Asker: 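Below is one structure. I have some questions about it.
In what follows, every chain begins at residue 1, and chains take the letters A, B, ... in the order their sequences are listed. Computed from a predicted structure; not experimentally measured.
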Amino acid sequence: MNIFGLFERRVGEALDRLAAAGRIPAGIDTSKVLVEPPRDSTHGDLATNAAMAVAKAAKANPRQLADLIAEDLRTDPRVVGASVAGPGFINIRLAPHVLHDVVRAALADPAGYGRSGQGAGQAVNVEYVSANPTGPMHVGHGRGAVFGDALANLLAFAGYDVTREYYVNDAGAQVDVLARSAFLRYREALGEAVGSIPEGLYPGDYLVPVGQALAAQHGPALRDMPEAEWLPLVRSVAIDAMMAMIRDDLASLDIRHAVFFSERSLTKGEADKIGETIAELRARGLVYEGRLPPPKGQLPEDWEDREQTLFRATEFGDDVDRPLLKSDGSYTYFAADIAYHRSKFERGFTSMIDVWGADHGGYVKRMQAAVNAVSGGTAKLDVKLCQLVKLLRGGEPVKMSKRAGDFVTLREVVDEVGRDPVRFMMLYRKNDAPLDFDLAKVLEQSKDNPVFYVQYAHARCASVFRQAGEAFAGRVPGSDALAAADLSVLTDEAEIELERRIAQYPRVVEAAALAHEPHRIAFYLYELSSVFHGLWNKGKDLPQLRFVKHDDERSTVARLALLGALKAVLASGLGTLGVSAPDEMR
RNA sequence: GGUCCCGUAGCUCAGCAGGAUAGAGCAGCGGUUUCCUAAACCGAAGGUCACAGGUUCGAAUCCUGUCGGGACCA
């Protein structure tokens, strides 16, 4: 139940009636009509810009038009007041039962309240993490992982059919380096003194077990083979080990992908999906042999003006056409990426979201151009860039770990502070804003720590239910009693404000899903918690506002109903973020 | 040299699809505990929304340019 959507339609009906009565022209554009929370809740429960949004097309004065719309709205039994303010806003005051119905809706279906049909089952592919399988995940990967996962949750909740996908870069030069690094550990496991790890190989300890496993499996057999023979073997074992480690790291954050798409599979055996993709684009005139203009400014030393196989990215808004083949004739990464995104399209996705690190920002235009090209303009790619994470402890930058090589692993951070703080803090910021993550601060149990603040609100709700159970000798009101509660006793402004906030949840979900911005859920939950904590403390001064009233079961049940709805929204929102909603804090 | 992101209170950041008097938190100031968890709350104070133009009935929000910070590319 989304009262904003409900009243958007209601305002639309009012406009239709005005058109039917000849007061405004028929068929004018009403797409800009919004019903939203008023800036100040003293104005009312809902506000609409309808009069201003259509005034121009209707060739009417916004205030006069607003008067007409307001007049229509006042005939609605759900509306107790509609007034025109400012340049033509209409502020709507709802009958109390409308907000009470929202509370009842949340109680009736705690997990389903806020769910939206917005996506209408449309298939969306969300690709996130896609870290190279060459080592453990670091904190930066973690941000993309948490963001992508929460976005996928959010879209699913908003009614999309979401596929969570990981692109495994198991075909490039890095995995050959990985194989050579693992081979060194293999020789080490056989008893050779390998000394310090040479420059250019991965030094991390995490390859030691891979070397040991290879030694246990093959004995010295690999040692005397030429590299061309052992490399594919070692590479495959090492990649599997790295992916197992990465999956494990992700599981510690409760992140699980449905599809792991292998880059190597694009060219495995007889298949050459990359060549196929290039041929198809060439047939459509989007690939040609040509020369690129030299870059402006200072010429790089290795610049050579030569003919290359190029994709016409400029036809789709990119700045320059992009090479598909390297000088040695092998495919560029970009060529593989085109084939990969073509595979998404062939699998039925016309809506794709890629979550990348900000360092790949320069890649966005060409990838969008490619998706546009392979889908004939029917598919859309949104790229969400996650900015860097700066890891701090008490304001001081955290030193690199030796274990991993040269970075702090995600696992170390999760092990230290726990899943919930990591997830919440990474979502309590826009994805394109840099993030300072302070290990000391996220463990603080105080209002300075938003994770704690929101979880505490949920725990407080649970606590009230426990208190009520004691107060009424174990007769905790069941869901039937709550559903039947007489909510007319909820008359304090703080209680009504809490109802209003609860009523906003479906709208927040839809807006966040539409914008691909899960952080809006996190901020909403913080504000919702704040309203609740305020109401709670009001009960300290005014005993009549306490949730549990030993001498008044009727109003206690009504307040428990309100809290039940609140608890449902907190749990639902936290669930979307992938953060737990505890019943007590320890 | 070019592309992308960012610039909002002393600090860290929100600001929903262009709307009303631009909001939180922190820090600082002043209050609230015989009372459901003070692990919390309330109040006052704090702003040239980087700058200059443009579009609009209306711009922090959209467009152009300049300056500043960051990421990346050849």
Asker: Between D583(A) and K32(A), which has a closest nucleotide on RNA chain B that is more 5'?
Answerer: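 It is K32(A), whose closest nucleotide lies nearer the 5' terminus.
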
Asker: In terms of side-chain heavy atoms of H43(A), which of A40(B), A38(B), A20(B) is nearest?
Answerer: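 Selected nucleotide (nearest to the side chain): A20(B).
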
Asker: When all nucleic acid strands are considered with a 4.0 Å heavy-atom cut-off, which category describes V464(A): base, sugar-phosphate, or nothing?
Answerer: nothing

Asker: Suppose we define a pair by two distances each less than 3.5 Å, Watson-Crick or G-U wobble; what does A59(B) pair with here?
Answerer: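 WC or wobble partner does not exist here.
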
Asker: Quick check on RNA chain B: between K549(A) and R39(A), whose nearest nucleotide comes earlier from the 5' end?
Answerer: R39(A)

Asker: Sort out the partner of A38(B) for me: Watson-Crick or G-U wobble, both distances under 3.5 Å, none otherwise.
Answerer: none

Asker: Please determine if a side-chain N or O atom of R520(A) lies less than 4.0 Å away from the OP1 or OP2 oxygen of A17(B).
Answerer: yes

Asker: Which residues pass the side-chain hydrogen bond (donor to acceptor under 3.5 Å, both in side chains) test with D552(A), not counting sequence neighbours?
Answerer: S555(A)

Asker: Kindly indicate whether the side chain of R466(A) and the base of C36(B) share any N or O donor-acceptor pair separated by less than 3.5 Å?
Answerer: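 Side chain to base: no pair below 3.5 Å.
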
Asker: Report which part of the nucleic acid A85(A) touches: base, sugar-phosphate, or nothing (heavy-atom distance under 4.0 Å, all strands).
Answerer: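 Base contact - A85(A) has a heavy atom under 4.0 Å of at least one base atom.
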
Asker: Can D420(A) and Q455(A) be said to form a side-chain hydrogen bond (donor to acceptor under 3.5 Å, both in side chains), step by step?
Answerer: CA-CA 10 Å; D420(A) 289 343; Q455(A) 287 186 320; 3.0 Å; yes

Asker: Looking only at atom P, what distance separates G54(B) and U61(B), rounded to whole Å?
Answerer: 14 Å

Asker: In terms of side-chain heavy atoms of K56(A), which of C16(B), U37(B), U56(B) is nearest?
Answerer: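 Nucleotide nearest to K56(A)'s side chain: U56(B).
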
Asker: Tell me the interatomic distance from Y453(A), atom OH, to U37(B), atom P, rounded to whole angstroms.
Answerer: 17 Å

Asker: Where the side chain of H533(A) is concerned, which of C36(B), C16(B), A40(B) is the nearest nucleotide?
Answerer: A40(B)

Asker: Quick one: label P62(A) by what it contacts on the DNA or RNA (base, sugar-phosphate, nothing), any heavy atom closer than 4.0 Å.
Answerer: nothing

Asker: So, OP1 or OP2 of A38(B): does either fall under 4.0 Å of a side-chain N or O from W536(A)?
Answerer: yes

Asker: Partner lookup for C4(B), please. Criteria are Watson-Crick or G-U wobble with both distances under 3.5 angstrom; report none if nothing qualifies.
Answerer: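 In the structure as shown, C4(B) has G70(B) as its Watson-Crick or wobble partner.
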
Asker: Is it the case that E510(A) and S116(A) place a side-chain donor and acceptor less than 3.5 Å from each other?
Answerer: yes

Asker: Where the side chain of Q467(A) is concerned, which of A14(B), C36(B), U56(B) is the nearest nucleotide?
Answerer: C36(B)

Asker: Output yes when at least one side-chain N/O atom of Y363(A) is less than 4.0 Å from OP1 or OP2 of A71(B), else no.
Answerer: no

Asker: Taking the side chain of L385(A) as its heavy atoms from C-beta onward, which of C4(B), C36(B), C6(B) lies nearest to it?
Answerer: C4(B)

Asker: Would you please classify the geometry between the W536(A) ring and the F532(A) ring as parallel, tilted or perpendicular, with 30° and 60° separating the classes?
Answerer: perpendicular

Asker: With a non-hydrogen cut-off below 4.0 angstrom, is K538(A) in contact with a base, only sugar-phosphate, or nothing?
Answerer: nothing

Asker: When rounded to the nearest Å, what value does the distance between P atoms of G31(B) and G15(B) take?
Answerer: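 One P to the other, the span is 35 Å.
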
Asker: Using side chain to side chain contact (heavy atoms under 4.5 Å, CB included) as the criterion, point out the one residue from L490(A), V489(A), T491(A) that pairs with L487(A).
Answerer: L490(A)

Asker: Checking V371(A) against Q368(A) for the side-chain contact (heavy atoms from CB on, under 4.5 Å) test, could you report, in this order, the C-alpha distance in whole Å, the side-chain angles of both residues, the deciding distance, and whether it holds?
Answerer: CA-CA 5 Å; V371(A) 167; Q368(A) 287 175 330; 5.8 Å; no

Asker: Under 3.5 Å for both donor-acceptor distances, Watson-Crick or wobble: does A45(B) have a partner, and if so which one?
Answerer: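 Per the H-bond distance test, none.
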
Asker: Looking at U3(B), C36(B), G15(B), which one has an atom nearest to any side-chain atom of K430(A)?
Answerer: G15(B)

Asker: Mind checking the C1' distance from C6(B) to A60(B)? Whole angstroms is fine.
Answerer: 14 Å

Asker: If you check every side-chain atom of D319(A), which of A17(B), C36(B), U3(B) has the closest atom?
Answerer: U3(B)

Asker: On the nucleotide C4(B), are OP1 or OP2 found under 4.0 Å from the side-chain N or O atoms that K365(A) carries?
Answerer: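 True: K365(A) side-chain N/O within range (under 4.0 Å) of C4(B) OP1/OP2.
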
Asker: In whole Å, measure the gap between the P atoms of C4(B) and A9(B) for me.
Answerer: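 The answer is 26 Å between these two P atoms.
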
Asker: Look at all strands and tell whether D318(A) reaches a base, only sugar-phosphate, or nothing, counting heavy atoms closer than 4.0 Å.
Answerer: nothing

Asker: NA contact type, H360(A), heavy-atom cut-off 4.0 Å: base, sugar-phosphate, or nothing?
Answerer: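 If one applies the 4.0 Å heavy-atom cut-off, H360(A) turns out to touch nothing in the nucleic acid.
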
Asker: Any side-chain N or O of S463(A) below 4.0 angstrom from OP1/OP2 of U37(B)?
Answerer: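 Yes, S463(A) has a side-chain N/O under 4.0 Å of OP1/OP2 on U37(B).
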
Asker: A quick test of your reading: do over 12 heavy atoms of other residues, nucleotides or ligands sit less than 6.0 Å from NZ of K380(A)?
Answerer: no

Asker: For A22(B), give its Watson-Crick or G-U wobble partner with both distances under 3.5 Å, or none.
Answerer: none

Asker: With the side chain of N91(A) defined as its heavy atoms from C-beta on, choose the nearest nucleotide among C5(B), C72(B), A20(B).
Answerer: A20(B)

Asker: When you compare A52(B) with G2(B), how far apart are their P atoms, in angstrom units rounded to a whole number?
Answerer: 25 Å

Asker: So, OP1 or OP2 of A39(B): does either fall under 4.0 Å of a side-chain N or O from H458(A)?
Answerer: no

Asker: Counting heavy atoms from C-beta on, name the nucleotide in C5(B), A24(B), A40(B) closest to the side chain of Q387(A).
Answerer: C5(B)

Asker: Mind checking if A433(A) touches a base, just sugar-phosphate, or nothing, with heavy atoms under 4.0 Å?
Answerer: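 Sugar-phosphate contact only - A433(A) comes under 4.0 Å of backbone atoms but never of a base.
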
Asker: Specify the glycosidic conformation (syn or anti) of U32(B), with syn defined as within 90° of 0.
Answerer: anti

Asker: Take the angle between the ring planes of F311(A) and F316(A) and call it parallel below 30°, perpendicular above 60°, tilted in between.
Answerer: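 The arrangement is parallel - the two ring planes meet at less than 30°.
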
Asker: I want to verify a distance call: between A38(B), A71(B), C6(B), whose nearest atom is closest to the D432(A) side chain?
Answerer: C6(B)

Asker: Determine the interatomic distance between C1' on G46(B) and the same-named atom on U32(B); round to the nearest Å.
Answerer: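 These two C1' atoms come out 23 Å apart once rounded.
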
Asker: Does U33(B) have a Watson-Crick or wobble partner in any strand here, with both distances under 3.5 angstrom, and which is it?
Answerer: none

Asker: I'd like the C1' distance from G18(B) over to C63(B), given in whole Å.
Answerer: 13 Å

Asker: Mind checking R429(A) for me? I need base, sugar-phosphate or nothing, with any heavy atom below 4.0 Å counting as a touch.
Answerer: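 It contacts sugar-phosphate atoms only.
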
Asker: Looking at H360(A), I'd like to know if its NE2 atom is crowded, meaning that more than 12 non-hydrogen atoms belonging to other residues, nucleotides or ligands lie closer than 6.0 Å.
Answerer: no

Asker: Would you mind reading off the distance between W356(A) atom CH2 and C5(B) atom P, rounded to a whole angstrom?
Answerer: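 Checked: the CH2 to P distance equals 14 Å.
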
Asker: Tell me the partner of U64(B), counting only Watson-Crick (N1-N3 plus N6-O4 or O6-N4) or G-U wobble (N1-O2 and O6-N3) with both under 3.5 Å; none if nothing fits.
Answerer: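 Here U64(B) is engaged in a pair, and the nucleotide opposite it is A52(B).
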
Asker: Please work out if F523(A) contacts a base, only the sugar-phosphate, or nothing of the nucleic acid, heavy-atom cut-off 4.0 Å.
Answerer: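 Here F523(A) touches the backbone only, sparing every base.
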
Asker: Using the C1' atoms only, state how far A44(B) lies from U34(B), rounded to an integer number of Å.
Answerer: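 The answer is 29 Å between these two C1' atoms.
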
Asker: Classify the nucleic acid contact of R460(A) as base, sugar-phosphate or nothing, counting any heavy atom under 4.0 Å across all strands shown.
Answerer: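 Counting heavy atoms under 4.0 Å across all strands, the contact made by R460(A) is with sugar-phosphate only.
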
